[in-house]
Amino acid sequence: MPLTYSDYLRIPDLLSLQHAQSQPAEHDELLFIIIHQTYELWFKLMLHELDKVKGDLTRGDLYGAIATFQRCRTIMKTLVGQLDILETMTPMNFTSFRARLDTSSGFQSAQFREFEFTLGYKRGAMLPMLPAGPGRDAAEHRLRARSVVDHFYDFLERHGVAIPAPLRARAVTEPSIADADVQDGLFALYKSRPDLAILFELMTDFDEGQQEWRYRHVKVVERTIGSKRGTGGSLGVEFLKKSLFQPAFHDLWAIRHRL
Ligand code: HEM
């Protein structure tokens with residue numbers, strides 16, 4: 001039997017995964033479920049790509065890293081763009097089934113936490129928010145793994161940037177931080193290596209994209225639930241605002257005024 005589209009992509013399985021909690025099902029709950037499931041699929045791909053880029057950076061594969069950051073940047077734009085669809089759901093539509101979400105919340109997205117940790121935004125205190133199980137284990141594994149920033153240091157070192165020893169000696173579970181020496185090295189490479197500058201600009205695009213996602217998500221939340229607390233138990237908008245404008249690649253942002 002030749003392989004069919006449906007068999008290859010497991011379409012019947014995929015289409016059987018949307019279970020509304022509201023009874024009878026509220027019209028907009030299907031949108032709410034599909035949008036979150038779609039995000040989780042993109043997160044899965046993003047993590048796959050970021051794992052590849054770590055290897056590219058450490059091996060010094062510039063073109064590999066450029067191609068992958070191009071892809072990650074474009075996925076990020078799609079993640080931001082998808083929120084437009086969700087914004088067609090009014091607060092009244094959402095209220096009609098929100099209570100049925102119980103305590104479930106994006107807070108419990110293990111893959112989002114994996115994404116943050118992979119980028120070096122290591123908020124270990126968020127781990128206990130994840131239900132025990134394979135999701136939390138995967139996030140914990142990434143908390144304890146070297147981040148994209150650590151692999152970026154390997155890349156910079158190959159190009160003559162001396163990464164300060166204390167920076168290298170920091171615990172991998174700590175969030176990445178800005179460093180003046182790394183910035184001087186990056187600045188010199190920007191001026192002397194236009195090929196490397198292409199990568200740095202793509203990384204900046206990507207980083208702008210992940211910050212944009214947080215901003216747009218806060219706005220979706222604000223327009224949909226206002227000042228209500230989150231289903232995950234946080235203060236909602238107030239909590240989410242704390243992680244706005246947090247770059248993943250601090251040093252790339254810190255030198256913009258010098259370029
Ligand atoms: C009507 C739409 C949405 C509302 C009202 C909403 C609300 C919230 C709230 C209030 C929080 C704070 C945690 C809590 O107390 O629950 C949160 C966190 C989060 N949400 Fe949403 N959300 C919406 C859509 C989405 C979508 C489409 C995604 C895509 C995956 C998403 C992913 C997340 C993530 C990853 C967090 C954790 C953020 C962090 O810890 O910094 N949310 N959401």
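Remember, it's 1-based here, ligands and their atoms both numbered in the order they're listed.
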| Backbone of Ala248 reached by a side-chain donor or acceptor of Asp207 within 3.5 Å | yes
| task | Would you tell me which option among Thr224, Leu83, Leu86 has the nearest heavy-atom contact to atom 2 (C) of ligand 1? | result | Leu86
| query | Do NZ/NE/NH1/NH2 and the carboxylate oxygens of Arg136 and Glu140 come within less than 4.0 Å? | reply | no
| request: Give the numbers and elements of all ligand 1 atoms closer than 4.0 Å to a heavy atom of Gly236. | output: 10 (C)
| Would Arg59 and Asp56 count as a salt bridge (charged side-chain N to carboxylate O under 4.0 Å, His left out) if you check the C-alpha gap in whole Å, the side-chain angles of each, and the deciding distance to 0.1 Å? | CA-CA 5 Å; Arg59 279 193 312 279; Asp56 292 341; 2.9 Å; yes
| request: Tell me whether the guanidinium CZ or amine NZ of Arg258 lies under 6.0 angstrom from the six-membered ring centre of Phe187 and within 45° of its axis. | output: yes
| query | What is the nearest protein non-hydrogen atom to atom 34 (C) of ligand 1, stated with its residue, atom name and distance? | reply | Gly106 O, 3.4 Å
| request: Mark yes when over 12 heavy atoms from residues, nucleotides or ligands other than Arg216 sit less than 6.0 Å from its CZ; otherwise mark no. | output: yes
| remark: One finds that the ligand 1 atoms under 4.0 Å from a non-hydrogen atom of Arg123 are 39 (C), 40 (O), 41 (O)
| query | Which is it for Phe115 and ligand 1 at heavy atoms under 4.0 Å: side chain, backbone, both or neither? | reply | neither
| task | May I ask you to identify the nearest protein heavy atom to atom 10 (C) of ligand 1, giving residue, atom name and distance to one decimal place in Å? | result | Gly230 CA, 3.5 Å
| query | Does the pair Glu116/Arg214 count as a salt bridge with the N-to-O cut at 4.0 Å? | reply | yes
| Does Arg214 come within less than 4.0 Å of ligand 1, judged by its heavy atoms? | yes
| field | contact_flag Glu40 ligand 1 heavy-atom lt 4.0 Å | value | no
| query | Can the ring centroids of Phe97 and Phe94 be said to lie less than 6.0 angstrom from one another? | reply | yes
| task | Please work out whether any backbone atom (N, CA, C, O) or any side-chain heavy atom from C-beta onward of Met129 is under 4.0 Å from ligand 1, and answer side chain, backbone, both or neither. | result | neither
| said: Just by distance, no angles: are the side chains of Asp13 and Ser16 close enough, under 3.5 Å, to form a donor-acceptor pair? | reply: no
| message | In this structure, is the centre-to-centre distance between the rings of His159 and Phe155 below 6.0 Å? | response | yes
| note | At under 4.0 Å between heavy atoms, what of Val237 touches ligand 1? The answer is neither
| query | Do any nitrogen or oxygen atoms of Tyr39 come within less than 3.5 Å of a nitrogen or oxygen of ligand 1? | reply | no
| remark: Nearest non-hydrogen protein atom to atom 25 (C) of ligand 1, with distance, is His36 NE2, 3.3 Å
| note | Per-atom filter on ligand 1: closer than 4.0 angstrom to a heavy atom of Phe94 are 5 (C)
| message | List ligand 1 atoms under 4.0 Å from Thr231, heavy atoms only on the residue side. | response | 16 (O)
| request: Please state which part of Glu87 comes within less than 4.0 Å of ligand 1, counting heavy atoms only: side chain, backbone, both or neither. | output: neither
| task | Describe, in one word, how the ring planes of Phe43 and Phe112 are oriented to each other, choosing from parallel (under 30°), tilted (30 to 60°) and perpendicular (over 60°). | result | tilted
| Should Arg229 be listed as contacting ligand 1, given a heavy-atom distance under 4.0 Å as the test? | no
| message | Set out, in order, the CA-CA distance, both residues' side-chain angles and the distance that settles side-chain hydrogen bond (donor to acceptor under 3.5 Å, both in side chains) for Ser96 and Asn93, then state yes or no. | response | CA-CA 5 Å; Ser96 69; Asn93 295 151; 5.8 Å; no
| Tell me, which protein residue and heavy-atom name are nearest atom 9 (C) of ligand 1, and how many Å apart are they? | Leu240 CD1, 3.9 Å
| request: Describe, in one word, how the ring planes of Phe206 and Phe115 are oriented to each other, choosing from parallel (under 30°), tilted (30 to 60°) and perpendicular (over 60°). | output: perpendicular
| remark: Under 4.0 Å from one or more heavy atoms of Ser105, ligand 1 contributes atoms 13 (C), 14 (C), 16 (O)
| message | For a quick check under 3.5 Å, do Gln21 and Glu29 share a side-chain donor-acceptor pair by atom type? | response | no
| query | So, Gln37 side chain and Leu17 main chain: donor-acceptor pair closer than 3.5 Å or not? | reply | yes
| request: For ligand 1, indicate whether the residue Ser234 contacts it via side chain, backbone, both or neither (heavy-atom separation under 4.0 Å). | output: both
| field | Polar contact flag for Gly232 and ligand 1 (N/O pairs, less than 3.5 Å) | value | yes
| message | Out of Tyr121, Trp213, Phe107, who is nearest to atom 32 (C) of ligand 1 when you count heavy atoms only? | response | Trp213
| request: Give the atoms of ligand 1, by number and element, whose distance to some non-hydrogen atom of Val221 is under 4.0 Å. | output: 4 (C), 6 (C), 7 (C), 8 (C), 10 (C), 22 (N)
| said: Applying a heavy-atom cut-off of 4.0 Å, say which part of His217 lies close to ligand 1: side chain, backbone, both or neither. | reply: side chain
| message | Could you tell me, atom by atom, which parts of ligand 1 come under 4.0 Å of a heavy atom of Met89? | response | 1 (C)
